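Report on one structure; see the data block that follows.
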Amino acid sequence: MPKNRIRSTALTLGASTALILSLAACAGSSTGQSDQGLDSAGQQALAQAKNFVEKSESKVTEATLASDSPAIARDISIVVIPCTYAAEGCKRVADSVQEAGKTLGWDTRMIDPAGDPEKMRQAIRTAMQLKVDGIVLGAIPEILVKDDVALARAAGIKVVNAMEPNSKEFADAQTGTDNVQAGRMNAALLTVETGGLGRVVTINDPQFPAVIGWHKGFTEGLKEFCPSCTIVKEMEFQLSGLQTTLPQEFQATLTANPDVNAVWAAYDPVVTAITPVIERSSSPDIKIVSHNADPSSLKDLQAGDKPVSGSVGYSIEWIAYSAVDQMNRLFSGSLAEAERQRTVPNKLITSSNVTTVPWDGDADWKNAFLTAWKSAK
């Protein structure tokens, strides 16, 4: 389909034909701690990290945006199921899917499973009972709902997967981002923030494939950029314990490891949960890097008075609108194979490059969708 192109010399991500999205991702501009104490290899790696941060920090100025659309399907009912409406990122995808669906004149509603795997499965079964035409999954891991999604698809319901990098066979289409590269961005930023001498705690939620990708990129990137960094503790938690057990366990980790100076957090709600622990600790200068670039983190970065140093952003709203666009193309039978897997760009946002809250992807993607849909009605 025709595209509107904006060109850039920034870092480039591979993407689908429909949204051939390039990444000029980002990182912080902090000069970090002193690199004294590093050997020549460590100093060279730190220089590479700084270079990667500098390149990544630039504005995303290349994105291929849809400029046409098949006719808008009529008399359509869809359900969006987020991981939990209580988590900001999942709330954003649910709200934006509903907004986009209603723009197309569809009956659009949300079923909130509140982070409970059984309720996620029940939400899909409820959608089937409602005889909806389509389901959009927002950050729902394949392993938790695979069988129920298969039943829904067998019943003729179109399923679009948003945010989670599930298998190609799981749903009819999906839109996400490059999670491994996002993790590398955080590794470079943390290297710069600690002067190549990080004593790091990672807080991982391996239930989610996106987080697994972020963690993989971060740990591999840390080996590349920060050979003198040490991961002193790898913590794991489940979303249900975000506000309860996680802060307690993190407090115990800091007590047992008083030399910790940096934290990799799975996503921004983790930052919110552990920030009070850091602020009460004997090491209030601990740096946090994270993912999602939720509005709460962007506001903290603007204020500059919280431990968060940067958060990898990708426009969740862009992902949601793309998912709805894919859904409409599925209904018309016009979604090309190459357009079934779409990606949007990442950007590691720091105090120096906050532009919009939430981050808009540095592209006028929303207007492109709205214009294409309007012309197709």
Side-chain angles (χ1 to χ4, degrees), residues 1-8 12-24 59-80 92-110 132-138 156-163 171-177 313-345 347 355-356 358-377:
M1 66 188 184
K3 310 289 194 299
N4 296 324
R5 182 175 294 280
I6 310 168
R7 297 196 177 276
S8 169
T12 304
L13 266 178
S16 71
T17 302
L19 274 174
I20 305 173
L21 302 165
S22 290
L23 172 64
K59 181 181 179 180
V60 175
T61 50
E62 182 173 315
T64 304
L65 307 175
S67 60
D68 68 350
S69 170
I72 305 303
R74 302 300 180 187
D75 300 319
I76 293 296
S77 173
I78 69 170
V79 162
V80 58
R92 288 166 60 195
V93 73
D95 288 346
S96 296
V97 165
Q98 291 180 91
E99 178 184 274
K102 290 174 182 177
T103 297
L104 298 184
W106 296 352
D107 177 27
T108 307
R109 69 187 77 182
M110 177 192 66
V132 300
D133 301 290
I135 298 172
V136 177
L137 302 174
I157 298 173
K158 302 300 184 184
V159 178
V160 178
N161 171 50
M163 297 174 66
D172 294 290
Q174 73 175 20
T175 297
T177 191
Y314 52 96
S315 176
I316 294 175
E317 292 74 18
W318 187 346
I319 288 176
Y321 269 67
S322 174
V324 171
D325 181 72
Q326 287 173 307
M327 185 72 77
N328 185 57
R329 292 173 187 275
L330 286 167
F331 291 144
S332 70
S334 64
L335 183 65
E337 186 63 32
E339 296 184 6
R340 291 178 184 271
Q341 306 289 318
R342 295 178 175 179
T343 59
V344 305
K347 186 174 184 178
T355 52
T356 59
W359 179 52
D360 62 6
D362 290 341
D364 196 8
W365 56 265
K366 186 173 184 178
N367 184 60
F369 280 126
L370 294 177
T371 300
W373 294 342
K374 184 177 180 179
S375 65
K377 288 188 175 182

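Predicted model only: the values in this text are computed from it and were never measured.
- Shortest non-hydrogen contact noted between D172 and I157 is OD2-O, 4.0 Å.
- Note: T175 OG1 to I319 CD1 = 7.0 Å, rounded to the nearest 0.5 Å.
- The minimum heavy-atom distance between R74 and L104, with the atom names listed, is NH1-O, 4.3 Å.
- Nearest heavy atom pair, residue R329 against residue S69, reads NH2-CA, 3.7 Å.
- Between the OG atom in S315 and the NZ atom in K347 there is a gap of 12.0 Å [rounded to 0.5 Å].
- Closest approach of I72 to W373, counting heavy atoms only: CG1-O, 4.0 Å.
- At a threshold of 4.5 Å between non-hydrogen side-chain atoms, the residues Y321 and D325 do not count as touching.
- Side-chain N or O atoms of Q326 include none that pairs as donor or acceptor with a backbone N or O of L335 at under 3.5 Å.
- Here the side chains of I78 and T108 are in contact, with some heavy-atom distance below 4.5 Å.
- Of all non-hydrogen atoms in E99 and K366, the two that sit nearest each other are OE2-NZ, 3.0 Å.
- Nearest approach of P345 to G361, heavy atoms of both residues: CG-O, 4.5 Å.
- At least one side-chain heavy atom of L330 sits under 4.5 Å from a side-chain heavy atom of R340.
- Take N328 and apply the side chain to side chain donor-acceptor pair (under 3.5 Å) test, not counting sequence neighbours, and it matches no residue.
- Looking at D133 and W106, their side chains never come closer than 4.5 Å, going by heavy atoms from C-beta outward.
- The shortest distance between side-chain heavy atoms of W318 and T177 does not fall below 4.5 Å.
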Exercise. Begin with the C-alpha distance, continue with both residues' side-chain angles, and end with the deciding distance and a verdict on side-chain contact (heavy atoms from CB on, under 4.5 Å) for D95 and E317.
Key: CA-CA 8 Å; D95 288 346; E317 292 74 18; over 6 Å; no

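- Atoms CD and CZ, on Q98 and R109 in that order, are 10.5 Å from each other to the nearest 0.5 Å.
- At least one side-chain heavy atom of S322 sits under 4.5 Å from a side-chain heavy atom of F369.
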